[in-house]
Amino acid sequence: MEQIGIYTVPVIVVFIVLFGAARKVNVFEGFCEGVKEGAGSLISVAPSLMGLIVGVTMLSASGFFDILTDALSPACEAVGFPCEVLPLGLMRPVTGSGSFAVLSDIFDKYGADSVIGRTASVMAGSTETTFYAIAVYYGSVGLKKTRHTIPAALLADMTGMVSAVLCVRFFG
Amino acid sequence: MLNIVWTVILVLSFLSAAVSGRMTELSASAVSGADKAVKLVVSMAGTMCFWSGVMKIAEKSRLTDIMSKAMYPVLKRLMPEHRDNARAMAAVSANITANILGLGNAATPLGITAMKEMKKSSPLKDAPDNGMVMFVVLNTASVQLIPSTIAALRQAAGSVQPYDILTYVWTASVLALLAGVIAAKLMSGRRPYSKTIRG
């Protein structure tokens, strides 16, 4: 499992570059163009990221997460769910920037390589900003009803979160 | 939506600080949070830009097109209502590919095109048909090859191996995707507008 992890990044990068070269693409130019685009999109999310990081830092300093965790820890312990990642689970379906702010707060508190930090990373990586996506896509064609979209999407998110907890618990 | 979320966050912070007597910490955190945000954006920039660059090569060399084509047969089965709507299916598969490669900028416009194309052939006025629901569920449970934002955040937080969670992320994402797809199929099954709508 760990070996796959070590090889993945270099293999993907080299594969994509070689594939591009084989197709006669100017890979370096393409790379630079992408970097520019990446910088642009980082700058465009920076204000909302900043707002939410300030918000989440304040929320964390105010002791809200402790209150929340204390209140829900009996329920969490009963089902074996790490309570510390609960704020992430609540934030994730609503806002991307907000969940990244919470993730960063979790890393500051427990460490990125701790069990909690790793669980939170996998959780954030395997789920999406469900409500945001629903709002954007249905909004774009003027649909008000969503039928079974929300239950199905939330079930997917919950499955991702539970799988994240189990993966880190069993494989380290 | 963020408008409400942000307001709630700030009000909750104030209330919790008042209850737990941490007003001093709260007042310091407004400044330290802003400071942290700037540092974080700067330290994330490298990783984010790097992956954006690599994935741009994939896009330029039309690796995305090959992946889209490979996905076509699967997607047709998932949304049979639109299987003969070539423009919708092309946009759907291009959107899913963009999501897998983490091309966020490309994914959303493609997704909107897909929705518009599907809407044209849908007999329902104010509700999505099963294919549209399936498409949105696929998007909300999307599998990403390199979760670059998370890797960037881990890197910024001093992780020794920011990418060592990759295999778990894939496993959990695929399971989430399967759960979403199965749920969407099962929940659409007995409703009146579940029948194939074409021609």
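Please read these numbers as outputs of a predicted model, since none were measured by experiment. Order of the sequence lines fixes the chain letters, A, B, ..., with proteins taken first and strands second; residue numbering starts at 1 for each chain.
- Remark: A:Lys36 does not engage A:Glu33 in a salt bridge, criterion side-chain N to carboxylate O under 4.0 Å.
- Residues B:Thr97 and B:Ser68 bring a donor and an acceptor atom of their side chains to less than 3.5 Å of each other.
- For a residue to count as touching a neighbouring chain, one of its non-hydrogen atoms must lie under 4.5 Å from one of that chain's; by this rule A:Leu103 touches chain B with the side chain only.
- With a 4.5 angstrom heavy-atom cutoff, B:Ala107 touches chain A only via backbone atoms.
- With a 4.5 Å cut-off on non-hydrogen atoms, A:Pro151 touches chain B through its backbone and its side chain both.
- Between B:Asp65 and B:Lys69, no side-chain nitrogen of the basic residue sits less than 4.0 Å from a carboxylate oxygen of the acidic one, so the salt-bridge criterion is not met.
- Looking at A:Thr129, there are no atoms closer than 4.5 Å to chain B (heavy atoms on both sides), in backbone or side chain.
- Ion pairing between a basic and an acidic side chain is recognised when a charged N comes within 4.0 Å of a carboxylate O; A:Lys145 and B:Asp126 show such pairing.
- Panel note: side chain A:Ser60, backbone A:Thr57; no donor-acceptor pair is recorded below 3.5 Å.
- The choice from A:Ser126, A:Gly38, A:Ser163 that makes the most heavy-atom pairs within less than 4.5 Å of chain B is A:Ser126.
- Contact annotation for B:Ile66: only side-chain heavy atoms (C-beta onward) come within less than 4.5 Å of a heavy atom of chain A.
- At a 4.5 Å heavy-atom cutoff, B:Leu178 makes no contact with chain A through either its backbone or its side chain.
- Under a cut-off of 6.0 angstrom, the local environment of OH in A:Tyr132 is sparse, with at most 12 non-hydrogen atoms contributed by other residues, nucleotides or ligands.
- Neither the backbone nor the side chain of B:Ser148 comes within less than 4.5 Å of any heavy atom in chain A.
- Note on A:Val162, A:Leu59, A:Ile43: by heavy-atom pairs under 4.5 Å with chain B, the leading option is A:Leu59.
- At a 4.5 Å heavy-atom cutoff, the contact between A:Leu52 and chain B is made by backbone and side-chain atoms alike.
- Per-residue heavy-atom pair counts under 4.5 Å with chain A were compared for B:Ile57, B:Val169, B:Val174, and the maximum is reached by B:Ile57.
- For A:Asp66, the part lying near chain B is the side chain, with the backbone staying farther off; criterion is any non-hydrogen pair under 4.5 Å.
- If you measure heavy-atom distances from B:Leu2 to chain A, the contacts under 4.5 Å come from the side chain alone.
- When heavy atoms are compared at a cutoff of 4.5 Å, B:Val31 does not approach chain A at all.
- A:Phe100 has its side chain out of reach of B:Leu40: every pair of non-hydrogen atoms, C-beta onward, lies at least 4.5 Å apart.
- In this structure, chain B has a heavy atom under 4.5 Å from the backbone of A:Thr146, while its side chain stays farther away.
- At a threshold of 4.0 Å, the pair B:Arg154-A:Asp113 counts as salt-bridged, since one of the basic side-chain nitrogens sits closer than that to a carboxylate oxygen.
- With chain B as partner, the option from A:Ala101, A:Ala164, A:Ser104, A:Ala133 having the largest number of non-hydrogen pairs under 4.5 angstrom is A:Ser104.
- Contacts of A:Phe15 with chain B are made by side-chain atoms alone, with heavy-atom separations under 4.5 Å and no backbone atom involved.
- The most heavy-atom pairs under 4.5 Å with chain B, out of A:Gly96, A:Gly63, A:Gly160, come from A:Gly63.
- Atoms CG and OG1, on A:Leu166 and A:Thr119 in that order, are 10.0 Å from each other to the nearest 0.5 Å.
- Sparse packing is recorded around CZ of B:Arg62, with 12 or fewer heavy atoms of other residues, nucleotides or ligands lying under 6.0 Å away.
- With chain A as partner, the option from B:Ser16, B:Ala37, B:Ser142 having the largest number of non-hydrogen pairs under 4.5 angstrom is B:Ser16.
- At least one donor-acceptor pair closer than 3.5 Å links the side chain of A:Arg92 to the backbone N or O of A:Ala124.
- Interface summary for chain B: among A:Met161, A:Met91, A:Met50, the most heavy-atom pairs under 4.5 angstrom belong to A:Met50.
- Other residues, nucleotides and ligands contribute more than 12 heavy atoms inside 6.0 Å of the CE atom of B:Met67.
- For A:Phe81, the CZ atom is densely surrounded, since the number of other residues' heavy atoms within 6.0 Å is greater than 12.
- Among B:Asn99, B:Val5, B:Leu10, B:Leu12, the residue making the largest number of heavy-atom pairs under 4.5 Å with chain A is B:Leu12.
- Per-residue heavy-atom pair counts under 4.5 Å with chain A were compared for B:Gly180, B:Ala172, B:Gly21, and the maximum is reached by B:Ala172.
- Contact count versus chain A (heavy atoms, under 4.5 Å) is highest, among B:Val160, B:Val137, B:Ile165, for B:Ile165.
- Chain B forms more heavy-atom pairs under 4.5 Å with one residue of A:Val122, A:Thr127, A:Val25 than with any other, namely A:Val122.
- Using a cut-off of 4.0 Å between Lys/Arg side-chain N and Asp/Glu carboxylate O, A:Lys109 and A:Glu84 are scored as not salt-bridged.
- Contacts with chain A were tallied for B:Lys116, B:Met48, B:Lys36; B:Lys36 has the most, counting heavy-atom pairs under 4.5 Å.
- For chain A, the nearby part of B:Met55 is the side chain; its heavy atoms alone come within less than 4.5 Å.
- Going from atom NZ of B:Lys125 over to atom NZ of B:Lys119 covers 8.0 Å, rounded to the nearest 0.5 Å.
- Only the side chain of B:Ile146 comes within contact range of chain A, with at least one heavy atom under 4.5 Å from a heavy atom of that chain.
- The backbone N or O of A:Ser62 lies less than 3.5 Å from a partner atom in the side chain of B:Ser20, making a donor-acceptor pair.
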